[in-house]
Number of protein chains: 2
Amino acid sequence: MAKKLRLIVDMDGVLADVYEQFIQFEFRESGLLMKKSEVHGTDEILAFPNGNIHVHERGFFRTIPVISGATESLEKLNKAYEVFIVSSAMEFPNCLEEKYYWLKEHFPFLSWKQIVLCGSKEVVQGNIMIDDHFKNLDSFTGRTLLFDQPHNQNSNDHSHERVCNWDEIIQLLL
Amino acid sequence: MAKKLRLIVDMDGVLADVYEQFIQFEFRESGLLMKKSEVHGTDEILAFPNGNIHVHERGFFRTIPVISGATESLEKLNKAYEVFIVSSAMEFPNCLEEKYYWLKEHFPFLSWKQIVLCGSKEVVQGNIMIDDHFKNLDSFTGRTLLFDQPHNQNSNDHSHERVCNWDEIIQLLL
């Protein structure tokens, strides 16, 4: 059997709905109810008045909602590809253990061997990368899928294949 | 200026003196004072009666002594190489945050961007890897330095350059 292609999958903005979490935390903190449509083109942390406080709070990453379709789709892809979950996590050390248990809860078919929590993603290698940040995709040498999110929607950079949801990813990769 | 070579450095058994920590935890637990010379050729966790309990304890990884010469040597190498610390940590999620703060304490010149906590190291790429485990070095495509530790001393496998301390690493790499 041929060796499976290695698929590198991001967490925040691809598996985890960080915008929804920022909206909920902001509303709880300040009473301000923001909409995803208001924050186009701005980095997701900076788009929310208290974003930079909330990412350092215990529980922020542990309770993020899962992006629609992510669990079922990744379970299928996990059979066809050598999947690694690669998340930029080191900037917020409070999230390290939370990310591990979040994956264990929502993606129980993944093994701990498939998880990478890092600073820079330049150090990982694979055949395909799904990520919502240009900085991660730009340095990757394989095929690159840009997961559509408000912060990347104003870009004219078309160097990566844009995907808007997990159905589109399944269409492309399976 | 030419791009720096990427140097992948392991934590446990290369920067962190896990044997010393196992010895101390075992002595505190059971009164049994073991010596490094007693545990040649055995996996470091299995070599100690309560090893598998201690690696899951809070504080085990946070308080490991630094291997002699590691801090000064890595500070020098960090100027000449693109250094990434890559540690198999995901099997023991209690250690994730501890490892981050341990590095911050003992290797303050490293940035969070240089830290990778993973399951399998197969996903990382670089030019040189320093590690004390064959399983990590065997799948690496660059130059491989095996850091001498009791668990790897009985091997007849000479496919990696064996180094016995940080002075030898500096001799080879600087």
Side-chain angles (χ1 to χ4, degrees), chain A residues 3-11 55-56 58-59 61-62 78 81-105 107 109-129 133 135-136 139-142, chain B residues 3-11 55-56 58-59 61-62 78 81-105 107 109-129 133 135-136 139-142:
Chain A
K3 197 169 164 16
K4 288 177 180 174
L5 292 179
R6 183 178 297 161
L7 173 63
I8 308 288
V9 182
D10 178 32
M11 282 180 77
V55 288
H56 291 96
R58 294 274 168 198
F61 290 96
R62 182 64 186 86
N78 194 43
Y81 292 88
E82 185 195 27
V83 169
F84 280 95
I85 309 300
V86 179
S87 177
S88 297
M90 224 47 75
E91 197 175 356
F92 314 112
N94 58 299
C95 82
L96 296 168
E97 204 171 315
E98 296 193 8
K99 287 197 168 199
Y100 171 89
Y101 285 109
W102 186 88
L103 286 170
K104 201 172 157 71
E105 178 187 350
F107 300 84
F109 48 87
L110 294 174
S111 137
W112 56 264
K113 293 183 183 170
Q114 294 172 270
I115 306 174
V116 181
L117 301 178
C118 62
S120 163
K121 295 191 184 182
E122 279 183 49
V123 74
V124 302
Q125 62 179 340
N127 304 101
I128 306 168
M129 177 181 266
H133 279 282
K135 67 179 175 201
N136 297 324
S139 62
F140 191 71
T141 52
Chain B
K3 198 171 163 13
K4 288 177 180 175
L5 292 179
R6 184 178 296 160
L7 174 62
I8 308 287
V9 181
D10 179 31
M11 280 181 78
V55 287
H56 290 97
R58 294 273 169 198
F61 289 96
R62 183 63 186 88
N78 194 43
Y81 292 87
E82 184 194 28
V83 169
F84 281 95
I85 308 301
V86 179
S87 177
S88 297
M90 223 46 76
E91 197 174 357
F92 315 110
N94 59 299
C95 81
L96 295 169
E97 206 171 313
E98 296 192 8
K99 287 197 167 197
Y100 171 89
Y101 285 109
W102 187 88
L103 285 170
K104 201 172 156 69
E105 179 187 350
F107 300 84
F109 48 85
L110 295 174
S111 136
W112 56 264
K113 293 183 183 170
Q114 294 173 271
I115 306 173
V116 181
L117 301 178
C118 62
S120 163
K121 295 191 185 182
E122 280 183 49
V123 75
V124 302
Q125 62 179 340
N127 303 100
I128 306 167
M129 177 182 265
H133 278 282
K135 66 179 176 202
N136 297 324
S139 62
F140 191 71
T141 52

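Here the structure is a predicted model, which is why all the values come from computation and not from measurement. Just so we're on the same page: letters track the sequence lines, and every chain starts at 1.
- For the options B:Gln114, B:Lys104, B:Lys121, B:Arg58, heavy-atom pairs under 4.5 Å to chain A are most numerous at B:Arg58.
- Most heavy-atom pairs under 4.5 Å with chain B, from the set A:Leu117, A:Val116, A:Ile8, A:Leu96: that is A:Leu117.
- In this structure the side chain of B:Phe109 reaches within 4.5 angstrom of the side chain of B:Phe107, judged on heavy atoms.
- Between chain B and the options A:Asn94, A:Val123, A:Val124, A:Ile115, heavy-atom pairs under 4.5 Å are most frequent for A:Val123.
- Nearest heavy atom pair, residue A:Phe61 against residue A:Val55, reads CE1-O, 3.3 Å.
- With salt bridges taken as basic N to acidic carboxylate O contacts below 4.0 Å, one links B:Arg62 and B:Glu105.
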Taking distance alone, no hydrogens or angles, what donor-acceptor pairs closer than 3.5 Å link side-chain atoms of residues 82-91 of chain A to residues at least two apart or in another chain?
{"residue": "A:Glu82", "atom": "OE1", "partner": "A:Arg6", "partner atom": "NE", "Å": "2.9"}
{"residue": "A:Ser87", "atom": "OG", "partner": "A:Lys99", "partner atom": "NZ", "Å": "2.6"}
{"residue": "A:Ser88", "atom": "OG", "partner": "A:Gly119", "partner atom": "O", "Å": "3.4"}

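- Judged as a ring-ring contact (aromatic ring centres under 6.0 Å, His included), and not counting sequence neighbours, the contacts of A:Phe92 are A:His56.
- Chain B forms more heavy-atom pairs under 4.5 Å with one residue of A:Gly126, A:Cys118, A:Pro93, A:Cys95 than with any other, namely A:Pro93.
- The candidate with the highest count of non-hydrogen atom pairs below 4.5 Å against chain B, out of A:Gln125, A:Lys113, A:Glu122, is A:Gln125.
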